[in-house]
Amino acid sequence: QRWDIRRKAISALSKTNKTPAEENQLLSKLNDQDEDVRKEAVKASAKISVSEQHLAMVKQLSVSQTWSTRLEAVKLLSRIN
């Protein structure tokens, strides 16, 4: 199952130190087509210290067709340091 591989990759990556670019890659999975992958991305995003370096990705997420992704984008915006 490809979705399960993506979910497990997000879980593993969330446990490592990441550059802002890598964090943006994780955040992009908040817009994955699979709900389980998105849920794992929500968990991973909680560990990210959101900053201005994430604004472009958050902007992309804010116009997603998926309402839960748009909601997560708003939550991320509220956490910007």
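All residue numbers in this chain count up from 1 along the given sequence. Computed from a prediction, not measured in an experiment: that's the story for all the values here.
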**Study point:** Side-chain heavy-atom pair Glu22, Leu13 within 4.5 angstrom cut-off
**Key:** no
Practice item. Flag the pair Ser14 / Lys47 as yes when at least one side-chain heavy-atom distance between them is below 4.5 Å, and no otherwise. Key: yes
Check your understanding: Any side-chain heavy-atom pair from Glu72 and Leu61 closer than 4.5 angstrom?
Key -> no
Review point. Counting heavy atoms not belonging to Gln25, are there more than 12 under 6.0 Å from its CD?
Key: no
Check your understanding: Any side-chain heavy atom of Ile5 within less than 4.5 Å of one from Gln1?
Key -> no
Exercise for review: Could you tell me whether Asn81 atom CG has more than 12 heavy atoms of other residues or ligands within 6.0 Å of it?
Suggested key: yes
Exercise for review: Kindly give the heavy-atom pair with the smallest separation between His54 and Glu23, and that separation in Å.
Suggested key: NE2-OE1, 2.7 Å
Revision key, fill the gap. Exactly one of Glu35, Arg7, Lys29 clears side-chain contact (heavy atoms from CB on, under 4.5 Å) with Glu40, and that residue is Arg7
Exercise for review: Check the side chains of Asn31 and Ser64 for a donor-acceptor pair under 3.5 angstrom, ignoring hydrogens and angles.
Suggested key: yes
Exercise for review: Determine, for Asp32 against Arg6, whether the closest basic-nitrogen to carboxylate-oxygen distance falls under 4.0 angstrom.
Suggested key: yes
Exercise for review: Answer yes when Lys8 and Asp4 have at least one side-chain N-carboxylate O distance shorter than 4.0 Å, and no when they do not.
Suggested key: yes
Review point. Looking at side-chain heavy atoms only, is the closest gap between Leu76 and Leu30 below 4.5 Å?
Key: yes
Check your understanding: What closest approach, in Å, do Val58 and Ala73 show between heavy atoms, and which atom pair accounts for it?
Key -> CG1-O, 3.6 Å
Point to revise | Closest non-hydrogen atom pair, Pro20 against Gln53 | key: CG-OE1, 2.9 Å
